[in-house]
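Taking it in order: structure first as structure tokens, then the write-up.
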Amino acid sequence: FAGLEVELSKRGYSLLLQVVGGADEALETLRKWHRTRRVDGVVLTDLTADDARASFVRDVGLPAVVVGDPSIAQGLTSVWTDDATSMREAVRHLAALGHRRIARVSGLDALAHTGIRDIAFAEETAALGVEGTLLSTDYTPELGERVTREALTGERPPTALIYDNDVMAVAGLTVAMELGLGVPADVSIIAWDDSVLCEHTLPKLTALSHDVVAFGSHVARRLFDVVAGSAPAAFLDSSPSLVVRGSTGPR
């Protein structure tokens with residue numbers, strides 16, 4: 001939220017953040033904000049397919065920006081990162097190193113961006129002739145640890161894993177070491193989200209990285225455009241790029 005808050009404060013606006021317990025509560029919060037005219041515009045994140053929040057703000061005319069792929073924005077303005085291209089880059093990197101069994105440790109199935117990454121992973125592994133395995137989680141390190149342990153102790157363990165966030169990748173690194181596996185000698189690891197965590201592990205984690213502060217600022221600027229009456233449009237901010245560190249190596 002840092003970039004978003006900086007851009008808002010430049011124009012004398014503040015960020016209202018509401019923690020909700022689920023989809024129904026999120027929708028009710030939007031209804032209340034619209035009814036009381038408490039906000040000038042909203043930013044929608046973590047959309048699902050046919051997300052009711054997007055339908056509501058579109059139908060009532062509440063200015064909104066979707067943080068996500070245009071395909072799930074329901075005609076609203078969207079600011080997005082090209083997750084499919086980034087996933088393909090990660091798979092190609094591992095395949096070029098000689099890996100032929102690659103696992104993807106994914107996030108919540110209901111989220112639209114999870115599906116986009118899943119499809120790109122399946123298509124790229126098939127195109128390169130490598131074995132791709134999908135391991136679904138809820139983004140938590142606990143479940144990331146569990147599926148990693150199950151995969152690495154199975155009959156056909158992967159030689160490389162791509163995680164949907166940094167904390168699961170760190171958990172996976174710990175599991176590999178507990179099992180006596182060298183990273184990257186025996187298994188390579190890639191994290192999504194290049195946070196400070198990735199630079200303070202041993203080895204440091206190869207990660208898909210993008211400038212989250214600049215991304216937040218971009219979202220805020222587009223929201224001001226929508227509030228001012230701009231027509232809905234889709235804006236590609238960036239494609240997370242692969243930062244190669246010590247956790248990936250040849251097989």
- Task: For Tyr13, check ring pair (Phe, Tyr, Trp, His ring centres under 6.0 Å) against everything at least two apart and list the hits.
- Result: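 Residues passing ring pair (Phe, Tyr, Trp, His ring centres under 6.0 Å) with Tyr13: Phe224.
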- Who passes ring pair (Phe, Tyr, Trp, His ring centres under 6.0 Å) against His210, sequence neighbours left out?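 So His210 forms a ring pair (Phe, Tyr, Trp, His ring centres under 6.0 Å) with Phe215.
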side-chain hydrogen bond (donor to acceptor under 3.5 Å, both in side chains) involving [X] - partner list, sequence neighbours excluded:
{"X": "Glu178", "answer": "Arg149"}
{"X": "Ser55", "answer": "Gln74"}
{"X": "Thr114", "answer": "none"}
{"X": "Asp46", "answer": "none"}

- Is it true that Asp194 and Arg245 have a side-chain N and a carboxylate O under 4.0 angstrom from each other?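 A salt bridge links Asp194 with Arg245.
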- Message: Between the side chains of Glu124 and Arg92, is the shortest nitrogen-to-carboxylate-oxygen separation below 4.0 Å, so that they form an ion pair?
- Response: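 Judged by the 4.0 Å cut-off on N to carboxylate O distance, Arg92 and Glu124 do form a salt bridge.
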- Message: Applying the side-chain contact (heavy atoms from CB on, under 4.5 Å) criterion to Ile190, which one of Leu205, Val105, Thr248 satisfies it?
- Response: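 Among the candidates, only Thr248 passes.
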- Message: Set out, in order, the CA-CA distance, both residues' side-chain angles and the distance that settles side chain to side chain contact (heavy atoms under 4.5 Å, CB included) for Ser188 and His99, then state yes or no.
- Response: CA-CA 9 Å; Ser188 287; His99 294 277; 3.2 Å; yes
- Query: With sequence neighbours left out, what residues match Val213 under side chain to side chain contact (heavy atoms under 4.5 Å, CB included)?
  - Reply: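 Side chain to side chain contact (heavy atoms under 4.5 Å, CB included) list for Val213, sorted by chain: Ala2, Asp211.
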- Spell out, as yes or no, whether a donor-acceptor pair under 3.5 Å connects the side chain of Asn165 to the backbone of Tyr139.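 A pair under 3.5 Å: yes.
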Show me the donor-acceptor pairs, under 3.5 Å and distance only, between side chains in residues 233-244 and residues at least two apart or in other chains.
| residue | atom | partner | partner atom | Å |
| --- | --- | --- | --- | --- |
| Asp237 | OD1 | His218 | ND1 | 2.7 |

- Task: Give the minimum heavy-atom separation between Val187 and Ala176, together with the two atoms involved.
- Result: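 So the two residues come closest at CG1-CB, 3.9 Å.
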- Keeping to residues at least two apart or across chains, list the salt bridge (Lys or Arg N to Asp or Glu O under 4.0 Å) pairs with something in residues 112-121.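 Listed once each, the pairs are Asp83-Arg117, Arg104-Asp118, Arg117-Asp164.
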- Message: Test: salt bridge (Lys or Arg N to Asp or Glu O under 4.0 Å). Region: residues 67-81. Which pairs qualify, not counting sequence neighbours?
- Response: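 Checked against salt bridge (Lys or Arg N to Asp or Glu O under 4.0 Å) - neighbours excluded - no pair reaches residues 67-81.
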- Query: Does anything in residues 57-94 pair up under ring-ring contact (aromatic ring centres under 6.0 Å, His included), and if so which pairs, sequence neighbours excluded?
  - Reply: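 ring-ring contact (aromatic ring centres under 6.0 Å, His included) check on residues 57-94 returns no pairs.
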- Item | Steps toward side chain to side chain contact (heavy atoms under 4.5 Å, CB included) verdict (Ile162, Leu94) | CA-CA 9 Å; Ile162 304 171; Leu94 293 171; 3.7 Å; yes
- Arg251: what forms a salt bridge (charged side-chain N to carboxylate O under 4.0 Å, His left out) with it, not counting sequence neighbours?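 None.
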